[in-house]
K.L.:
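There's a structure below that I have some questions on.
Proteins get letters first, then strands, A, B, ... in listed order; numbering begins at 1 in each.
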Amino acid sequence: MDHIAVEKKWKQIWLDTNEDKFDPEKVDNKYYVLEMFSYPSGSNLHLGHWFNYAPADTFARYKKMCGKEVFQPMGFDAFGLPAENYAIKTGIHPQDSTLKNIATMERQLKDIGAMFNWDSEVITCLPDYYKWTQWIFLQLYKHGLAYRKESPVNWCTSCNTVIANEQVVDGKCERCGGEVTHKNMMQWCLKITDYAEELIDGLDKLDWPEKTKTMQKNWIGKSLGGEVSFPLPDSDKKITVFTTRADTLMGVSYVVLAPEHPWVKELTTPEYAQAVKKYCDEAAKATEIDRLSTVKEKTGQFTGSYCIHPISGKKIPIWIADYCLAGYGTGAVMGVPSHDDRDFAFATKYGLPIQRVIKSADGSPDDLPYTAYGVICNSGEFDGLTTADGKKKILAFLNEKGLGCERVNYRLRDWSVSRQRYWGAPIPIIHCPHCGTVPVPEKDLPVKLPYNVNFTPDGKSPLGKCKEFLETTCPICGEKATRDPDTLDTFVCSSWYFLRYPDNKNSEKPFDTEWIDKMLPVDKYIGGAEHTCMHLLYSRFVTKALRDMGYIHFDEPFTSLIHQGLILGSDGEKMSKSKGNVVNPDDYISKYGSDVFRLYIMFGFSFTDGGPWNDDGLKAIDKFLDRVERLADTTLSKRNDCAHGNYGDAERELDYALNYCIKNVNNDIENFSFNTAVARIMELVNAAYKYESGNPDYKFLYKVICELIKIMAPFVPHFAEELHQRAGFATSVFQESFPVCDESKLVKSQVEIAIQINSKIRGKTLIPTGLSNDEIIELVKNTPSVKTLLGDNIIKKTIVIPGRLINFII
RNA sequence: GCCGAAGUGGUGGAAUUGGCAGACGCGCCGGACUCAAAAUCCGGUGGUAGCGAUAUCGUGUCGGUUCGAGUCCGACCUUCGGCACCA
């Protein structure tokens with residue numbers, strides 16, 4: 001078969017007959033299959049996309065043949081730094097390069113032969129999409145979920161922009177790999193932490209990989225503890241720390257502030273001013289990864305000031321140290337060297353006192369630093385309490401004095417969304433000298449991104465240098481005002497795209513509530529595991545926020561999730577241009593066609609594992625399809641003149657093979673185990689050849705072939721459609737139902753079981769099915785060969801596993 | 001350092017609740033067809049010993065549980081992924 005020509009033919013016919021389109025009338029039976037959309041990069045569609053989209057499409061087509069009204073949309077996550085960095089390098093405008101890349105990738109995506117519902121396409125960089133991204137930002141703002149905050153943020157020196165904590169990978173900028181340092185900036189933040197509790201609880205109900213759920217849970221990082229305040233002498237102020245070990249409070253020998261803590265300056269005595277400033281300057285240069293490195297020795301600097309221990313009233317020295325983070329807890333911690341490894345090292349280095357306040361409960365070794373739970377000692381009235389009791393009692397005691405309370409703390413930080421970049425959705429806020437922060441009225445959306453802008457990075461937002469954009473009038477007072485010069489993090493765009501797909505033409509609203517309630521949640525979401533702590537978390541947050549505003553009425557965006565594995569270069573390394581190990585799928589498509597390539601991708605790799613690329617088996621898949629075609633053509637041509645009509649052993653055997661295949665393929669596709677599904681199909685084809693080499697009834701074989709074509713259709717859609725037509729059908733194979741296993745054909749009268757003696761295999765035997773265990777023992781024991789094996793030995797015990805083995809212990 | 005996953009022939013990868021390890025392929029070997037090659041078809045293919053039936057070893061390493069372990073438990077090694085002074 002000329003795959004290329006056949007594929008072209010069927011793509012056109014499907015287009016003409018609307019074969020791939022979703023029918024809104026059948027929404028009650030909808031099945032929403034969603035693959036993570038692509039970033040339109042300059043390297044276009046690569047193997048990773050194929051590895052995500054081709055198997056996912058097989059799943060989608062299978063679901064369609066199972067009777068579901070499948071909605072499988074596709075789009076582009078089109079804002080982002082690479083286009084802007086590329087523009088800075090080449091002078092090609094981000095919009096131009098992005099739209100060009102999209103056009104190329106759309107063509108390549110169509111090559112996959114996937115049943116994408118192109119009518120629902122979404123492109124995040126177009127005004128009719130980002131209008132609603134801005135709208136969502138405004139709703140979050142109006143509901144108190146967006147706020148501005150001067151805070152230490154990650155500053156990528158290469159992109160000249162702020163990036164979210166969650167986007168920092170190995171101390172580098174996730175997008176560009178540049179160095180990340182810290183800088184204080186006025187930032188728009190989204191209050192994802194308001195949803196921390198529900199984001200954890202909701203995971204239990206989701207059909208997601210356990211690993212992914214665990215990772216999100218750890219990322220959110222709930223910890224139960226308490227706040228403890230250390231009053232400052234001669235002042236109303238007090239330093240508040242968060243601790244999970246309030247039971248060790250009497251062992252505090254110092255308190256540490258983060259270098260960015262707002263009180264550092266005023267707490268530093270003149271004597272230490274110079275040293276403290278130097279220390280803070282150094283800390284600001286270091287990346288968070290450096291600061292938090294376990295390899296690095298802990299450093300700190302005394303401020304010269306003291307605070308008061310809330311119970312003992314003793315003077316406690318106040319230090320600053322970069323291992324204390326401004327963004328976590330209260331930005332201050334108490335140092336208990338006796339019962340914390342890090343504090344112990346710090347105290348030893350700087351000669352601070354080390355006082356035991358916990359001993360082991362059962363007399364087991366408790367050398368300092370002793371970090372396990374135990375019993376309180378050297379703590380006055382609290383002596384003898386267990387760690388668990390002590391935490392509660394001490395916090396309760398402090399609470400009465402107004403110096404402490406129980407508190408839940410989360411590791412998760414609010415989502416910083418301001419970017420000092422050009423290629424993103426403008427933040428729809430106006431800053432008025434009289435009225436302050438004013439949201440752009442919804443009727444004025446979208447706030448359009450201007451085309452002619454100087455976006456060379458120089459530390460300022462490109463939009464801030466564009467007068468026509470920046471200068472405006474205040475919607476409230478009408479006076480001169482300026483627009484917010486920043487753009488939104490692209491993760492904001494992608495945090496709701498799945499809500500736009502089903503209603504992408506809606507110009508009145510981002511989506512119609514009633515309609516979207518019917519279409520969502522996504523039934524199967526397929527994409528990379530690398531998005532676990534960012535996109536997948538943000539999407540859940542936005543969904544919950546919109547629900548609380550009443551715009552949608554479901555709790556979670558993605559009911560079921562699966563991650564595809566990573567396809568590496570043939571050298572086993574991650575594919576990248578710099579390593580020169582990138583494989584271009586187009587070369588394979590033009591040689592073999594997409595059906596062969598799809599099938600190979602699914603057969604040669606484990607979907608969830610991925611692995612290094614090699615094309616050794618590609619030719620074999622091409623041959624396999626030829627083999628199927630030959631058999632099909634022979635059968636089709638002979639089906640009427642070679643029918644003996646007897647249903648004998650040979651027919652029974654092939655029927656068994658067919659139904660065995662059907663049963664397993666159904667199961668395997670549901671489990672995204674495509675490689676074994678293809679193996680079962682190959683077995684059926686082998687069985688059919690074997691049958692054909694005997695005295696075949698071609699009429700019977702024709703029926704089998706027709707079933708085979710349907711089984712193969714989700715994997716090799718064009719190929720199957722072509723054979724389906726040759727088999728005499730006028731309508732698409734995708735109008736057919738996916739074959740269902742006839743269990744009666746799988747019933748066998750005899751089954752082979754293994755004979756074990758003392759758990760070692762000694763032989764095999766055929767026994768009738770349906771016998772009781774005792775009957776099996778009697779039967780097997782008395783067969784001559786087994787009698788010989790057993791000899792005169794006494795059988796102590798016999799174990800029967802029905803259908804599998806019998807084990808004599810002698 | 002913490003968390004998670006993985007480690008199976010020459011190779012990609014299979015193995016329901018613990019139950020015949022290596023499905024299905026690739027590669028290789030042999031055969032058929034052919035003047036020959038290609039294509040196609042058939043057979044073989046974990047190691048070791050043996051002409052052979054067969055025996056024996058074998059799922060990263062070492063132990064354990066069990067009639068029976070790739071699978072469960074403990075310790076360790078290696079690789080990958082994620083997180084990282086979380087107070």
K.L.:
Can you tell me, in whole Å, how much space there is between the C1' of U45(B) and that of A23(B)?
P.N.:
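Result for the C1' pair: 15 Å, nearest Å.
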K.L.:
Assess whether one donor atom and one acceptor atom, taken from the side chain of K797(A) and the base of C67(B), lie less than 3.5 Å apart.
P.N.:
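Between C67(B) and K797(A), which were checked side chain against base, a qualifying N/O pair under 3.5 Å is absent.
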K.L.:
Between C1' on G19(B) and CZ on F808(A), what's the gap in Å once rounded to a whole number?
P.N.:
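In whole Å, G19(B) C1' and F808(A) CZ are 15 Å from each other.
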K.L.:
Assess K748(A) against Y656(A): is NZ or CZ under 6.0 Å from the centre of the six-membered ring, and within 45 degrees of the ring's axis?
P.N.:
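Yes, a cation-pi geometry holds between K748(A) and Y656(A).
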K.L.:
Which whole-number value in Å describes the distance from E530(A) CD to A5(B) P?
P.N.:
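From E530(A) CD to A5(B) P: 19 Å.
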K.L.:
For C76(B), give the paired nucleotide (Watson-Crick: N1-N3 plus N6-O4 or O6-N4; G-U: N1-O2 and O6-N3; both under 3.5 Å), or none.
P.N.:
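Per the H-bond distance test, G60(B).
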K.L.:
Within the modelled atom types, does a donor on one side and an acceptor on the other bring the side chain of N807(A) and the base of C67(B) under 3.5 Å apart?
P.N.:
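Pair found.
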K.L.:
For G7(B), is chi within 90° of 0 (syn) or not (anti)?
P.N.:
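Anti.
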K.L.:
Answer yes or no: does a side-chain N or O of R411(A) lie under 4.0 Å from OP1 or OP2 of A84(B)?
P.N.:
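Looking at the OP1 and OP2 atoms of A84(B), one of them is under 4.0 Å from a side-chain N or O of R411(A).
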K.L.:
Say you pick atom P in C73(B) and the same atom in C57(B); how far apart are they, in whole Å?
P.N.:
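Each nucleotide's P atom is 26 Å from the other's.
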K.L.:
The side chain of T214(A) is closest to which nucleotide in this list: A87(B), A14(B), C3(B)?
P.N.:
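Comparing A87(B), A14(B), C3(B) against the side chain of T214(A), the answer is C3(B).
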K.L.:
Give me the distance, rounded to whole Å, that separates G70(B) from G19(B) when you measure between the C1' atoms they each carry.
P.N.:
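The same atom, C1', in both gives a distance of 13 Å.
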K.L.:
What contact category does R680(A) fall into here, base, sugar-phosphate, or nothing, at under 4.0 angstrom with non-hydrogen atoms?
P.N.:
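It contacts base atoms.
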K.L.:
Could you measure between the two P atoms, the one in A38(B) and the one in G47(B), and give it in whole Å?
P.N.:
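Those two atoms are separated by 26 Å.
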K.L.:
Starting from C1' on A38(B), measure out to CG on D626(A) and report it in whole angstrom.
P.N.:
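After rounding, the reported distance stands at 14 Å.
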K.L.:
Output the rounded distance in Å from NZ (K211(A)) to C1' (C3(B)).
P.N.:
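Answer to the nearest Å: 11 Å.
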K.L.:
How is E210(A) classified with respect to the nucleic acid when contacts are heavy atoms under 4.0 Å: base, sugar-phosphate, or nothing?
P.N.:
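Contact class for E210(A): none.
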K.L.:
I'd like the P distance from A15(B) over to A6(B), given in whole Å.
P.N.:
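The same atom, P, in both gives a distance of 13 Å.
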K.L.:
Side chain of A754(A), heavy atoms from C-beta onward: which of C86(B), A23(B), C20(B) has the nearest atom to it?
P.N.:
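Closest nucleotide to the A754(A) side chain: C20(B).
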K.L.:
Please determine if a side-chain N or O atom of N614(A) lies less than 4.0 Å away from the OP1 or OP2 oxygen of U11(B).
P.N.:
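Answer is no, no contact under 4.0 Å.
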K.L.:
Students often get this wrong, so: under 4.0 angstrom with heavy atoms, is G221(A) touching a base, only sugar-phosphate, or nothing?
P.N.:
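Counting heavy atoms under 4.0 Å across all strands, no contact is made by G221(A).
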K.L.:
Under 3.5 Å for both donor-acceptor distances, Watson-Crick or wobble: does G1(B) have a partner, and if so which one?
P.N.:
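G1(B) is paired with C83(B).
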K.L.:
Round to the nearest Å and state the distance from F346(A) atom CZ to A87(B) atom P.
P.N.:
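Atom-to-atom, F346(A) to A87(B), this comes out as 18 Å.
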K.L.:
Base, sugar-phosphate, or nothing: which does D616(A) touch, judged by heavy atoms less than 4.0 Å apart?
P.N.:
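Sugar-phosphate contact only.
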K.L.:
Is there a Watson-Crick or G-U wobble partner for A14(B) with both distances under 3.5 Å, and which nucleotide is it?
P.N.:
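Base partner found: none.
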K.L.:
Return no unless some side-chain N or O of S759(A) is found under 4.0 Å from OP1 or OP2 of G19(B).
P.N.:
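For G19(B), OP1/OP2 do not have a side-chain N/O of S759(A) under 4.0 Å.
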K.L.:
Using OP1 and OP2 only, check whether a side-chain N or O of R630(A) sits under 4.0 Å from C41(B).
P.N.:
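Answer is yes, contact under 4.0 Å.
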K.L.:
Heavy atoms only, 4.0 Å cut-off, all strands: where does K760(A) land among base, sugar-phosphate and nothing?
P.N.:
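Sugar-phosphate, backbone atoms only, no base.
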K.L.:
Given that both distances must come in under 3.5 Å, which nucleotide forms a Watson-Crick or G-U wobble pair with C67(B)?
P.N.:
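Pairing partner, where one exists within any strand: G19(B).
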K.L.:
Can you tell me the pairing partner of A37(B) across any strand shown, Watson-Crick or G-U wobble, with both distances under 3.5 angstrom?
P.N.:
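The base-pairing partner of A37(B), which may sit in any strand shown, does not exist here.
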K.L.:
For C33(B) versus G43(B), give the span between their C1' atoms, rounded off to a whole number of Å.
P.N.:
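Looking at atom C1' only, C33(B) and G43(B) are 15 Å apart.
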K.L.:
Counting distance only, does the side-chain N/O of T303(A) pair as donor-acceptor with the main-chain N or O of I318(A) below 3.5 Å?
P.N.:
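Yes.
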K.L.:
Does R762(A) reach the main-chain N or O of I757(A) with its side chain, forming a donor-acceptor pair under 3.5 Å?
P.N.:
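Side chain of R762(A) to backbone of I757(A), a donor-acceptor pair under 3.5 Å: no, none is there.
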K.L.:
RNA chain B: A620(A) or F607(A), which has the more 5' nearest nucleotide?
P.N.:
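Result of the comparison: F607(A).
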K.L.:
Any chance the side chains of T608(A) and H563(A) put a donor and an acceptor closer than 3.5 Å?
P.N.:
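H563(A) and T608(A) do not have a side-chain donor-acceptor pair below 3.5 Å.
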K.L.:
Is D343(A) touching bases, backbone alone, or none of the nucleic acid, heavy atoms closer than 4.0 Å?
P.N.:
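Nothing: the residue D343(A), judged by heavy atoms under 4.0 Å, touches no strand.
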K.L.:
OP1 or OP2 of C20(B) sitting under 4.0 Å from any side-chain N/O of R804(A)?
P.N.:
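Answer yes for this pair, as a side-chain N or O of R804(A) is under 4.0 Å from OP1 or OP2.
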K.L.:
Below 6.0 angstrom between ring centroids: does that apply to F605(A) and W50(A)?
P.N.:
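Not under 6.0 Å, so no.
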K.L.:
Just compare C42(B), A87(B), A23(B) and give me whichever is closest to any side-chain atom of E683(A).
P.N.:
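Nucleotide nearest to E683(A)'s side chain: A23(B).
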K.L.:
Could you state the NZ-C1' distance from K213(A) to G82(B), rounded to the nearest angstrom?
P.N.:
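The answer, rounded to whole Å, is 18 Å.
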K.L.:
When you compare A87(B) with A14(B), how far apart are their P atoms, in angstrom units rounded to a whole number?
P.N.:
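The answer is 39 Å between these two P atoms.
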K.L.:
For a quick test of reading the model: is some side-chain N or O of N686(A) closer than 4.0 Å to OP1 or OP2 of G25(B)?
P.N.:
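The answer is yes; a side-chain N or O of N686(A) sits under 4.0 Å from OP1 or OP2.
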K.L.:
Base, sugar-phosphate, or nothing: which does G528(A) touch, judged by heavy atoms less than 4.0 Å apart?
P.N.:
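Since no nucleic acid heavy atom lies under 4.0 Å of G528(A), the category is nothing.
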K.L.:
Under the 6.0 Å and 45° cation-pi test, does R540(A) pair with Y195(A)?
P.N.:
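No; the conditions do not both hold, so R540(A) does not lie above the ring face of Y195(A).
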K.L.:
If I take atom CG in residue D609(A) and atom C1' in nucleotide A14(B), what distance separates them, rounded to the nearest angstrom?
P.N.:
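Distance check: D609(A) CG to A14(B) C1' gives 12 Å.
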K.L.:
Should U54(B) form a Watson-Crick or G-U wobble pair with both distances under 3.5 Å, which nucleotide is its partner?
P.N.:
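WC or wobble partner is A49(B).
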K.L.:
Considering Watson-Crick and G-U wobble pairs with both distances under 3.5 Å, what does C28(B) pair with?
P.N.:
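Base partner found: G44(B).
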K.L.:
Which nucleotide sits closest to the side chain of L805(A): C24(B), A14(B), G19(B)?
P.N.:
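Minimum distance to the L805(A) side chain belongs to G19(B).
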K.L.:
What is the nucleic acid contact for F603(A), judged by heavy atoms within less than 4.0 Å: base, sugar-phosphate only, or nothing?
P.N.:
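Result for F603(A) = base.
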K.L.:
Identify, between D668(A) and R762(A), the residue whose nearest nucleotide on RNA chain B lies closer to the 5' end.
P.N.:
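Looking at RNA chain B, the more 5' nearest nucleotide goes with D668(A).
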K.L.:
How about Y410(A) and S223(A): does a side-chain donor come under 3.5 Å of a side-chain acceptor?
P.N.:
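There is no such pair (donor and acceptor under 3.5 Å, judged by atom type) between the side chains of Y410(A) and S223(A).
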K.L.:
Which part of the nucleic acid, if any, lies within reach of I761(A) when heavy atoms closer than 4.0 Å are counted: base, sugar-phosphate only, or nothing?
P.N.:
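The answer is sugar-phosphate, as I761(A) gets under 4.0 Å only of primed atoms, P, OP1 or OP2.
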K.L.:
Check the angle between the aromatic planes of Y592(A) and Y588(A) and answer parallel, tilted or perpendicular using the 30° and 60° thresholds.
P.N.:
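Y592(A) vs Y588(A) ring planes: parallel.
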K.L.:
Regarding E406(A) and K392(A), does a basic nitrogen lie under 4.0 Å from an acidic carboxylate oxygen?
P.N.:
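No, no charged N to carboxylate O under 4.0 Å.
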K.L.:
Name the closest nucleotide to the I809(A) side chain, picking from C42(B), C67(B), C86(B).
P.N.:
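Within the option list, the nearest is C67(B).
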K.L.:
Just compare U40(B), C24(B), G19(B) and give me whichever is closest to any side-chain atom of I799(A).
P.N.:
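Output: G19(B).
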K.L.:
Between E683(A) and Y660(A), do the side chains contain a donor N or O and an acceptor N or O under 3.5 Å apart?
P.N.:
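The criterion, which ignores hydrogens and geometry beyond distance, is not satisfied for E683(A) and Y660(A).
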K.L.:
Grab the CE-P distance between M534(A) and G82(B) for me, whole Å please.
P.N.:
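After rounding, the gap between these two atoms is 9 Å.
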K.L.:
On a whole-Å scale, what distance lies between the P atoms belonging to A69(B) and U61(B)?
P.N.:
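These two P atoms come out 15 Å apart once rounded.
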